[in-house]
Amino acid sequence: MTAPSAHFRDEARVLHPEKAREVVVAGGGLIGLSIAWRAAQRGLSVTVVDDAPGAGASRAAAGMLAPVTEASYGEEALLRLCLASLQRWPAFAAELEEAGGVPVGLRTAGTLVVGFDADDQRALDALLAYQRELGLAVERLTPREARRREPSLTPRLRGALQVAGDHSVDPRAVHAGLLAAAAAAGVVLVRGRVAGVRVEGGRATGVQLDDGSALAAGTVVLALGAHGGRLPGAPDVPVRPVKGQILRLAGAAGLLEGTVRALVRGRHVYLVPYAGDRLVVGATVEDRGFDARVTAGGVHDLLRDAIEVVPGVTELELVETLARWRPGTPDNAPVLGPAGVPGLVLATGHHRNGALLTPVTADLVTELLVTGALPELAAPFTLDRFPHQEAQCS
Ligand code: GLY
């Protein structure tokens with residue numbers, strides 16, 4: 001079957017005339033569940049299918065809501081999407097806490113970026129220049145000023161930037177809240193592993209599960225993260241697993257006010273404090289396919305750098321190590337909207353920004369599901385920006 005890439009934005013092709021209100025969302029991570037919640041709120045009949053909801057990238061995510069400190073050269077469209085989502089986060093968090101009954105740990109103390117040697121300092125200067133060129137709010141701090149804000153930082157810093165607008169949230173709490181809120185809104189959760197998309201008469205009519213059963217739908221949303229690249233019945237989506245190893249530590253109450261990101265002689269590390277006494281240290285970035293091993297080298301590098309940035313980390317208890325896969329794409333931006341097969345919608349490829357992009361993705365995809373029109377904000381992120389993709393035979 002050929003995916004008609006030239007017509008991906010012909011939204012009228014996306015929805016089935018009668019059954020469009022019955023939606024199956026494949027994937028119960030932050031992205032899939034938030035779409036399901038929003039879609040159910042708008043009156044759609046939604047089923048989420050996942051064999052282990054929230055056990056993928058959502059479980060390893062540090063929860064940084066960091067459009068500014070994640071901004072990279074040439075990714076201005078992604079930055080706009082990230083900023084639009086950041087703006088939605090306070091209301092999203094409040095509504096989710098109300099609906100799901102779980103505090104989601106939105107922390108608005110901002111982010112400090114610190115560097116250690118002359119090269120790190122040059123990198124921070126270049127970052128500052130780029131961020132200012134984009135009109136983003138960033139302030140240069142002396143090491144002393146940085147330590148005034150975060151007294152647990154090492155005195156051996158070379159320089160620092162303060163990014164007041166980059167926040168964080170507890171992604172596991174967000175996921176728990178979404179499970180409760182979605183259920184309360186009428187979303188049905190089916191435990192199962194999606195093996196393919198059912199296509200009949202040239203359009204998606206549901207999903208096939210690996211136990212041989214199937215779920216029928218007017219519209220299928222694929223939110224399978226790094227696992228959504230090659231699925232029978234769906235076009236190939238250029239997502240690849242980008243492995244990240246992450247550490248959780250306990251005993252960190254009061255250690256940090258907000259997120260600290262560091263360049264330690266060219267190596268990146270971040271420390272994200274959560275409510276209670278938890279601290280997340282992350283993350284490695286590795287192209288190793290679906291390799292779930294936590295390695296001695298990965299843990300060593302993260303701890304060495306974290307301790308160099310905040311020496312007090314040495315006293316904390318290491319309570320969890322985990323490796324999962326960011327859904328990376330060739331341009332680091334998500335893939336949103338029509339998949340080129342009528343009735344099939346994509347919400348994947350959120351790479352380093354899954355938690356941040358959750359509210360805006362839910363709004364944009366739900367708008368498409370309800371009205372048949374993909375909002376303009378999502379236009380740069382459709383699948384047809386990549387070379388022609390073929391649907392897999394189901
Ligand atoms: N957003 C942080 C990471 O992907 O490691």
Side-chain angles (χ1 to χ4, degrees), residues 29-31 54 56-72 75 78-79 81-83 85-86 89 104-107 110-114 127 131 136 163 165-175 225-227 239-249 256 258-264 266-274 278-288 290-292 294-295 297-299 301-303 305-306 309 320-335 348-361:
L30 292 176
I31 297 295
S58 302
R59 184 134 191 94
M64 287 185 291
L65 310 178
V68 177
T69 49
E70 288 282 354
S72 289
E75 295 179 1
L78 174 60
L79 174 66
L81 189 70
C82 288
L83 288 169
S85 205
L86 182 69
W89 253 106
V104 299
L106 179 64
R107 201 176 261 251
T111 295
L112 266 181
V113 189
V114 301
L127 196 62
Q131 290 164 336
L136 302 171
V163 182
D166 275 8
H167 304 320
S168 68
V169 76
D170 178 345
R172 293 183 185 180
V174 174
H175 191 268
H227 294 281
V239 286
R240 69 182 197 289
V242 180
K243 179 178 173 181
Q245 300 185 47
I246 199 145
L247 315 177
R248 284 182 173 243
L249 300 112
L256 290 175
T259 299
V260 172
R261 307 185 70 141
L263 259 180
V264 185
R267 299 184 304 268
H268 292 266
V269 69
Y270 52 75
L271 299 88
V272 185
Y274 289 169
R278 296 297 152 116
L279 182 75
V280 164
V281 173
T284 64
V285 180
E286 305 167 63
D287 265 308
R288 289 180 193 277
F290 288 103
D291 168 18
V294 174
T295 62
V299 174
D301 290 354
L302 291 171
L303 283 179
D305 292 338
V309 179
E320 187 182 344
T321 60
L322 189 67
R324 288 291 186 269
W325 311 281
R326 307 169 182 90
T329 63
D331 59 8
N332 299 325
V335 184
T348 187
H350 292 75
H351 195 216
R352 297 184 62 92
N353 295 301
L356 170 59
L357 290 173
T358 290
V360 80
T361 300

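Numbering of ligands and ligand atoms starts at 1, following listing order.
- The closest side-chain heavy-atom distance from N332 to V242 is not below 4.5 Å.
- We find the CG-OG1 distance between D301 and T295 to be 7.5 Å, quoted to the nearest 0.5 Å.
- With sequence neighbours left out, P171 forms a side-chain contact (heavy atoms from CB on, under 4.5 Å) with L30, A61, Y274.
- Of the possible donor and acceptor atoms, one in the side chain of D166 sits under 3.5 Å from a partner among the backbone N and O of T69.
- Listed by chain and residue number, nothing satisfies the salt bridge (charged side-chain N to carboxylate O under 4.0 Å, His left out) test with R107 (two or more places apart in sequence, or in another chain).
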Within the protein, flag every N or O under 3.5 Å from an N or O of ligand 1, and note the pair and distance.
residue: ligand 1; atom: 1 (N); partner: E70; partner atom: OE2; Å: 3.2
residue: ligand 1; atom: 1 (N); partner: R352; partner atom: O; Å: 2.7
residue: ligand 1; atom: 4 (O); partner: R326; partner atom: NE; Å: 2.7
residue: ligand 1; atom: 5 (O); partner: Y270; partner atom: OH; Å: 2.6
residue: ligand 1; atom: 5 (O); partner: R326; partner atom: NE; Å: 3.4
residue: ligand 1; atom: 5 (O); partner: R326; partner atom: NH2; Å: 2.8

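- Under the salt bridge (charged side-chain N to carboxylate O under 4.0 Å, His left out) criterion, R59 pairs with no residue, sequence neighbours left out.
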